[in-house]
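Heads up: the structure comes next, in structure tokens.
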Amino acid sequence: HAEVAKLWAKVLFLRGTEAISAGDVWLTRAITVTMRDNKVVTERCRIVWKKKVYKVESLNATGGLMVVTASYMDEEIG
């Protein structure tokens, strides 16, 4: 069972690269998410944006804001 929290945030596309592994092409993508500092988002969280799932890689809270860097997990939400 997973808890879900909806938060207002500014999302920016950070980077995108293609990697070839065992003959398959993988597209890696990262985003940064800026939101008010909170106790809900941690390094163990997943972020859903535009029906895509991102894994939190790092977060930095300062001055009342939290900036999260997250990478695409190749999952989609219906």
Side-chain angles (χ1 to χ4, degrees):
H1 174 71
E3 291 185 37
V4 176
K6 292 185 180 185
L7 302 170
W8 286 94
K10 177 181 179 182
V11 179
L12 295 174
F13 183 73
L14 187 59
R15 65 184 180 269
T17 59
E18 285 188 0
I20 300 176
S21 173
D24 293 328
V25 176
W26 297 86
L27 180 63
T28 59
R29 290 176 275 197
I31 58 173
T32 59
V33 182
T34 304
M35 66 189 82
R36 287 185 183 166
D37 191 6
N38 63 76
K39 297 193 185 305
V40 176
V41 179
T42 67
E43 290 91 353
R44 297 183 65 189
C45 289
R46 300 291 185 257
I47 295 173
V48 178
W49 180 55
K50 293 190 175 182
K51 297 184 181 180
K52 293 185 176 15
V53 180
Y54 294 83
K55 176 185 174 190
V56 172
E57 298 291 338
S58 67
L59 55 89
N60 184 11
T62 163
L65 293 177
M66 178 183 290
V67 178
V68 177
T69 302
S71 59
Y72 180 59
M73 292 184 57
D74 198 22
E75 296 178 24
E76 291 196 19
I77 304 295

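Side-chain atoms are counted along with the backbone in the values below, which use heavy atoms only and exclude waters and symmetry mates. For this chain, numbers begin at 1 and follow the sequence in order.
For the side-chain contact (heavy atoms from CB on, under 4.5 Å) test, residues two or more places apart in sequence or in another chain that qualify with T62 are N60. Residues satisfying the side-chain contact (heavy atoms from CB on, under 4.5 Å) criterion with R46, sequence neighbours excluded, are V53, K55, M73. Remark: N38 pairs with L7, M35, V40, V41, M66 by the side-chain contact (heavy atoms from CB on, under 4.5 Å) rule, at least two apart or across chains.
Note on V68: it clusters hydrophobically with V11, by side-chain heavy-atom contacts below 4.5 Å among ILVMFWY residues.
Across every non-hydrogen atom of L59 and T42, the tightest pair is CD2-C, 3.6 Å.
Residue pairs meeting the ring pair (Phe, Tyr, Trp, His ring centres under 6.0 Å) criterion with at least one partner in residues 30-50, sequence neighbours excluded, do not occur; the list is empty.
In this structure, I31 CD1 and K52 NZ are separated by 11.0 Å, a value rounded to the nearest 0.5 Å. Considering OG1 of T69 and CD of E57, their distance stands at 8.5 Å, rounded to 0.5 Å.
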